[in-house]
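Nothing fancy with the numbering, it's 1 onward along the sequence. Only heavy atoms go into these numbers, but all of them, side chains included; no hydrogens, no water, no symmetry mates.
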Amino acid sequence: MTANVAVETTPEIPLWNDPSHPVSARVDALIGAMTLQEKIAQLYGVWVGASANGGEVAPHQHDMEEAVDLDALLPSGLGQLTRPFGTAPVDPALGALSLLRTQTRITSANRFGIPAVAHEECLAGFAAWGATAYPVPLSWGATFDPDVIRRMAAAIGRDMRAVGVHQGLAPVLDVVRDLRWGRVEETIGEDPYLVGTIGTAYVQGLESAGIVATLKHFVGYSASRAGRNLAPTSVGPRERADVLLPPFEMAIREGGARSVMHAYTDIDGIPSAADEKLLTGLLRDTWGFDGTVVADYFGIAFLKTLHGIAGDFADAAGAALTAGVDIELPTVKTFGAPLADAVAEGRVPESLIDRALRRVLTQKADLGLLDPDWSPVPPAFAGADLDDPDTLRGTIDLDSPANRELAREIAEKAVVLLANDGTLPLTAPRRIALVGPNAAEGTAVLGCYSFPQHVGVQHPEIPVGIELPSLGESLAAEFPDAEITVARGTGVDDGDLSGIAEAVDTARDADIVVVALGDRAGLFGRGTSGEGCDAESLALPGAQQQLLDALLDSGTPVVTVLLAGRPYALGRAVEDSAAIVQSFFPGVGGTRAIAGVLSGRTTPSGRLPVSVPRGPGSQPATYLGARLAQASEVSNIDPTPAFGFGHGLTYTTFAWSDLTVDAEQAPTGGEFTASLTVRNTGERTGTEVVQLYLHDPVASVVQPVQRLVGYTRLELAPGESRRVRVTVPADVASFTGRDGRRIVEPGELELRLAASSTDTRLTTRVTLTGPVRELDHTRRFHAEFTVG
């Protein structure tokens with residue numbers, strides 16, 4: 001086999017293969033030539049695993065599904081290949097060869113020569129063995145830097161495209177509503193504007209590389225009761241419209257996302273997979289989305305088995321198709337024989353299949369999969385000799401130096417310095433006590449959708465595939481002259497107290513204690529953070545708080561470092577730690593980034609994308625609370641955070657001054673322009689994040705006390721000042737009114753220029769005049785910053 005492999009075509013090119021015709025005409029012609037079974041085959045995937053020796057993929061055996069017979073399925077065609085790289089550890093080059101050979105088999109088996117779309121997870125990097133593990137999305141949010149996330153996503157997309165993958169199942173645009181939810185690490189934060197801007201940047205980067213970005217989970221998954229995974233969701237129409245939906249609106253309109261994944265959950269008794277008003281009425285008819293809607297894994301079958309709104313799998317298939325789901329993932333179940341039987345029996349009209357098929361084939365045409373010159377040979381094999389798999393092993397690098405440098409940059413920008421009494425940065429410490437369950441564990445930087453934690457843990461005999469220096473190793477490199485003594489103290493969640501005394505003795509013999517606490521990422525209860533790893537409270541897992549308290553009593557200054565998937569209540573450590581450094585699963589460059597902050601080699605610039613709770617039992621609570629959600633004399637529970645959304649310290653100081661507003665009044669269709677000066681008054685270069693919050697004192701429906709409507713990062717040298725100008729359109733003051741319409745009301749507003757949700761620096765009051773104005777999804781999303 002050589003690199004010029006191509007699909008054979010007849011001398012006369014069928015209309016559907018002829019790129020000189022409009023895509024719509026090509027798709028219509030192809031649909032008209034297909035049998036019912038061939039149509040249905042394009043609407044489902046098969047879960048496969050690439051061959052370790054470069055042979056064809058094999059169907060993945062999953063405990064929720066029966067075995068799949070590819071020989072029986074492929075003559076009708078196949079819509080998708082599920083996770084060929086992300087199912088088992090396989091050398092990337094041999095995985096690409098396996099995918100190539102499988103695509104050749106697929107196109108040869110069906111009479112139209114249509115290849116499958118190959119999709120993969122890419123939440124914190126391409127989920128393949130040996131691929132760079134980037135920081136998790138919560139760290140993306142901590143950067144407050146859409147540009148660096150856009151560049152990361154483009155790099156991820158290039159790696160995926162190079163080996164033959166077409167679609168990525170990311171980003172997660174769920175807005176955090178309860179920090180106990182295990183998938184907090186997969187989200188970007190608790191504010192819809194931050195989630196929307198960072199998530200849209202990720203979409204833009206992935207799509208720029210030719211990969212179909214998939215928005216998930218549409219919608220409401222993160223708002224489940226008590227923070228339990230796949231639990232009932234209780235949100236009203238306003239919370240859905242004003243908090244949960246805006247990130248999806250932005251990513252579709254500004255990001256150009258070509259796919260959406262429905263959520264598992266139901267809202268007010270209607271599962272998302274069967275919600276026609278959501279998936280067709282809102283998503284397509286109102287927003288104009290013209291891509292594909294894919295099922296979350298097994299989500300269509302869940303309409304029968306979990307939600308109980310379908311009597312059999314045929315009913316489930318019909319309900320999903322009617323709602324607007326186009327593709328069943330991860331493998332064929334309801335869209336196979338049950339759907340064919342339902343059509344034959346008249347229970348499901350064939351027109352619904354044609355509607356979904358038109359979207360699927362249009363996307364395949366846009367990807368070039370219907371073109372006569374399409375080849376299964378991916379870009380990474382250009383010019384390669386494909387006849388000898390052994391010569392290919394190790395030839396594709398998915399963890400390049402450029403990738404790792406980008407991962408390091410993001411990790412550094414995402415480290416948040418929560419507290420510091422002046423101990424940091426450390427100046428030539430002689431003796432460091434490094435204590436805690438995450439002190440010597442290299443995988444402590446990884447989230448649950450990283451390949452080593454998601455798949456690799458099931459294959460302990462296979463090397464991890466990427467370099468993951470532990471915090472201990474990175475501190476040794478950062479402080480080569482220091483004596484570093486490591487003590488585990490306790491495990492992440494084993495509750496073991498037997499090592500605490502030794503840890504305290506180690507602390508007493510040191511000049512400084514660095515205690516590395518936090519999480520272990522996993523799935524479905526196998527970790528303390530991750531999908532299905534929900535928390536009963538926000539107390540540190542296991543005996544970590546006991547260890548921390550004992551170290552605080554040691555008499556040696558303690559620097560508390562968190563490597564975690566969610567923020568935790570830290571008890572007395574909030575006041576008693578010499579410093580607190582928060583990192584959210586920062587990826588391959590994470591421990592070096594933390595070490596650089598501790599030494600002062602880098603200046604911390606991250607800001608909290610979620611609030612850090614003061615007490616372990618205050619959930620659910622986010623900074624977006626209305627007045628009734630604040631601390632009061634009529635409740636004994638105080639939800640006030642220890643550190644608020646947007647908080648983060650640096651190693652310098654900044655002065656904000658000279659706030660001016662061009663006009664104090666504007667019509668409800670107008671805008672305001674404010675300007676301020678930010679000056680670095682310290683002795684080090686540093687980054688300030690100017691955040692703009694909107695406070696609406698009087699509205700026709702209850703509003704959050706404040707909400708983020710814009711932000712910008714400023715890097716300033718010592719003594720340097722910049723004039724920051726922000727244009728605030730009235731549209732950003734819009735909300736869903738009593739009758740369900742999005743409106744801007746006249747009245748007074750307060751613009752708060754702030755360093756965080758709890759640290760307002762400058763305020764100004766402005767007034768909107770004129771009539772109530774109605775808006776739709778084409779509204780202006782952003783307060784626009786310019787820096788002079």
What I want to check is whether the side chains of [X] and [Y] have a donor and an acceptor closer together than 3.5 Å.
{"X": "Asp296", "Y": "His262", "answer": "no"}
{"X": "Gln544", "Y": "Thr490", "answer": "no"}
{"X": "Asp242", "Y": "Thr736", "answer": "yes"}
{"X": "Ser222", "Y": "Arg177", "answer": "no"}
{"X": "Glu185", "Y": "Ser529", "answer": "yes"}
{"X": "Thr197", "Y": "Tyr711", "answer": "yes"}
{"X": "Thr650", "Y": "Thr603", "answer": "no"}
{"X": "Tyr568", "Y": "Asp519", "answer": "yes"}
{"X": "Ser756", "Y": "Gln691", "answer": "no"}

So, taking the atom named [atom1] in [X] and the one named [atom2] in [Y], what distance separates them when rounded to the nearest 0.5 Å?
{"X": "Ser734", "Y": "Leu775", "atom1": "OG", "atom2": "CG", "value": "5.0 Å"}
{"X": "Leu570", "Y": "Leu552", "atom1": "CG", "atom2": "CG", "value": "10.0 Å"}
{"X": "Glu748", "Y": "Leu768", "atom1": "CD", "atom2": "CG", "value": "10.5 Å"}
{"X": "Leu551", "Y": "Thr556", "atom1": "CG", "atom2": "OG1", "value": "9.0 Å"}
{"X": "Thr265", "Y": "Leu306", "atom1": "OG1", "atom2": "CG", "value": "11.5 Å"}
{"X": "Thr622", "Y": "Gln619", "atom1": "OG1", "atom2": "CD", "value": "8.5 Å"}

Parallel, tilted or perpendicular, as decided by the 30° and 60° cut-offs, for the rings of Tyr221 and Tyr264: perpendicular
Salt bridge present between [X] and [Y] (N-O < 4.0 angstrom):
{"X": "Asp534", "Y": "Arg180", "value": "no"}
{"X": "Arg228", "Y": "Glu536", "value": "no"}
{"X": "Glu575", "Y": "Arg614", "value": "yes"}
{"X": "Arg520", "Y": "Asp493", "value": "yes"}
{"X": "Lys277", "Y": "Asp275", "value": "no"}

With heavy-atom distances below 4.5 Å as the criterion, would you say the side chains of [X] and [Y] are in contact?
{"X": "Thr200", "Y": "Ile198", "result": "no"}
{"X": "Pro567", "Y": "Phe584", "result": "yes"}
{"X": "Pro746", "Y": "Val772", "result": "yes"}
{"X": "His217", "Y": "Val172", "result": "yes"}

Minimum-distance pair of heavy atoms, taken over all atoms of [X] and [Y]:
{"X": "Ala487", "Y": "Ala503", "value": "CB-CA, 4.0 Å"}
{"X": "Leu694", "Y": "Ala733", "value": "CD2-CA, 3.5 Å"}
{"X": "Val690", "Y": "Phe785", "value": "CG1-CE2, 4.1 Å"}
{"X": "Pro613", "Y": "Leu179", "value": "CD-CD1, 4.2 Å"}
{"X": "Ala573", "Y": "Leu548", "value": "CB-CD2, 3.4 Å"}
{"X": "Val175", "Y": "Pro247", "value": "CG2-CG, 3.9 Å"}

Atom CD of Glu502 with >12 non-hydrogen neighbours under 6.0 angstrom: no
Lys216 charged N/C atom sitting above Tyr297 aromatic ring, 6.0 Å / 45°: no
side-chain contact (heavy atoms from CB on, under 4.5 Å) between Thr233 and Asp266, intermediate numbers included: CA-CA 6 Å; Thr233 299; Asp266 71 272; 5.9 Å; no
Between the side chain of [X] and the main-chain N/O of [Y], is any donor-acceptor distance below 3.5 Å?
{"X": "Arg566", "Y": "Thr528", "value": "yes"}
{"X": "Trp181", "Y": "Ala223", "value": "no"}
{"X": "Glu750", "Y": "His695", "value": "no"}

Check against side-chain contact (heavy atoms from CB on, under 4.5 Å), Leu517 and Val561: CA-CA 6 Å; Leu517 306 173; Val561 175; over 6 Å; no
Derivation and outcome, side-chain contact (heavy atoms from CB on, under 4.5 Å), residues Tyr193 and Arg707: CA-CA 9 Å; Tyr193 184 75; Arg707 54 188 175 90; over 6 Å; no
ring-ring contact (aromatic ring centres under 6.0 Å, His included) contacts touching residues 615-639 (sequence neighbours left out): Tyr623-Phe645, Tyr623-Tyr693
Salt bridge (charged side-chain N to carboxylate O under 4.0 Å, His left out) between Arg508 and Asp553, intermediate numbers included: CA-CA 10 Å; Arg508 286 173 176 155; Asp553 288 334; over 6 Å; no
By ring-ring contact (aromatic ring centres under 6.0 Å, His included) - contacts of Tyr134 (at least two apart): none
Pair Val219-Leu278, side-chain contact (heavy atoms from CB on, under 4.5 Å): steps then yes or no: CA-CA 9 Å; Val219 64; Leu278 176 70; 3.9 Å; yes
